[in-house]
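Every heavy atom of this structure was used, including side-chain atoms; hydrogens, water molecules and symmetry mates were not. For reference, positions follow the sequence shown, starting with 1.
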Amino acid sequence: MSSAPDKTQASANKTQKIASALLRYRVLAYATGIWLLVLVTEMVAKYIFEVENVPNWIAVVHGWVYLVYLVFTIDLAIKVRWPAGRTIGTLLAGTIPFLSFYVEHKRTKQVKADFAV
């Protein structure tokens with residue numbers, strides 16, 4: 001009996017898991033970036049333009065979306081074995097407006113190239 005089919009199946013299974021983790025990461029990177037922009041807009045309206053009655057729930061939603069982003073990013077980082085620095089940098093990308101979009105593009109391009117996803 002040969003173990004070649006088992007290795008091929010294991011490789012395909014690993015690639016599928018990476019592809020799934022990458023998709024989850026990408027969706028949450030965009031959602032985090034969008035909610036961060038909404039939060040910044042709310043803060044500017046509230047503190048610079050002194051708009052009253054701005055919604056209080058925007059920060060809460062961004063916080064929860066960012067938490068899920070952290071979980072999915074760590075999941076992807078473990079599957080593709082990113083070094084600690086790359087992982088931390090990617091995790092922090094959700095805290096600076098527009099950076100999550102740029103980092104998502106870079107990480108996606110790199111993962112697709114490295115794992116043929």
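Summarising the geometry of A45 relative to V54, their closest heavy-atom pair is CB-CG1, 4.4 Å, with the distance given to 0.1 Å. Residues Y25 and E104 come closest through the heavy atom pair OH-CA, 3.4 Å. Heavy atoms only, all atoms of each residue included: A93 and Y69 are closest at CB-OH, 3.9 Å. Here the closest non-hydrogen pair linking L37 and P97 is CD2-CB, 3.9 Å. Closest approach of T15 and F115 over heavy atoms only: CG2-O, 4.0 Å. Here the closest heavy-atom approach between residue S100 and residue G94 is recorded as CB-CA, 4.3 Å.
Put simply, CG on L91 and OG1 on T32 are 10.5 Å apart, with the number rounded to the nearest 0.5 Å. Rounded to the nearest 0.5 Å, atoms CG (L23) and CZ (F72) are 10.0 Å apart. The distance from the CD atom of E50 to the CD atom of E52 is 8.5 Å, given to the nearest 0.5 Å. One distance of note links CD1 of I78 with OG1 of T73; it measures 11.0 Å at 0.5 Å rounding. Taken from NZ in K79 to NZ in K14, the straight-line distance is 11.0 Å, to the nearest 0.5 Å. Rounded to the nearest 0.5 angstrom, D75 CG and L22 CG are separated by 11.0 Å.
No single ILVMFWY cluster, assembled from side-chain heavy atoms under 4.5 Å apart, contains both V38 and W64. When hydrophobic clusters are built by joining Ile, Leu, Val, Met, Phe, Trp and Tyr residues whose side-chain heavy atoms come closer than 4.5 Å, directly or via intermediates, V65 is not grouped with L67. Note on I58 and M43: same hydrophobic cluster, where clusters join Ile, Leu, Val, Met, Phe, Trp and Tyr whose side-chain heavy atoms are under 4.5 Å apart, directly or indirectly. With hydrophobic clusters built from ILVMFWY side chains whose heavy atoms lie under 4.5 angstrom apart, V27 shares a cluster with Y66. In the hydrophobic clustering of ILVMFWY residues, with side-chain heavy atoms under 4.5 Å counting as a link, L92 and L70 come out apart.
Here the side chains of F101 and I34 are in contact, with some heavy-atom distance below 4.5 Å. The shortest side-chain heavy-atom distance between L36 and T95 does not fall under the 4.5 Å cut-off. Between F98 and V40 there is no side-chain heavy-atom pair separated by less than 4.5 Å. Residues W82 and I88 are not in side-chain contact: their nearest non-hydrogen atoms beyond the backbone lie 4.5 Å or more apart.
Annotation for N13: atom CG counts as buried by contact number, over 12 foreign heavy atoms lying within 6.0 Å.
Proximity of a side-chain donor or acceptor of S11 to a complementary backbone N or O of K7 within less than 3.5 Å is not detected.
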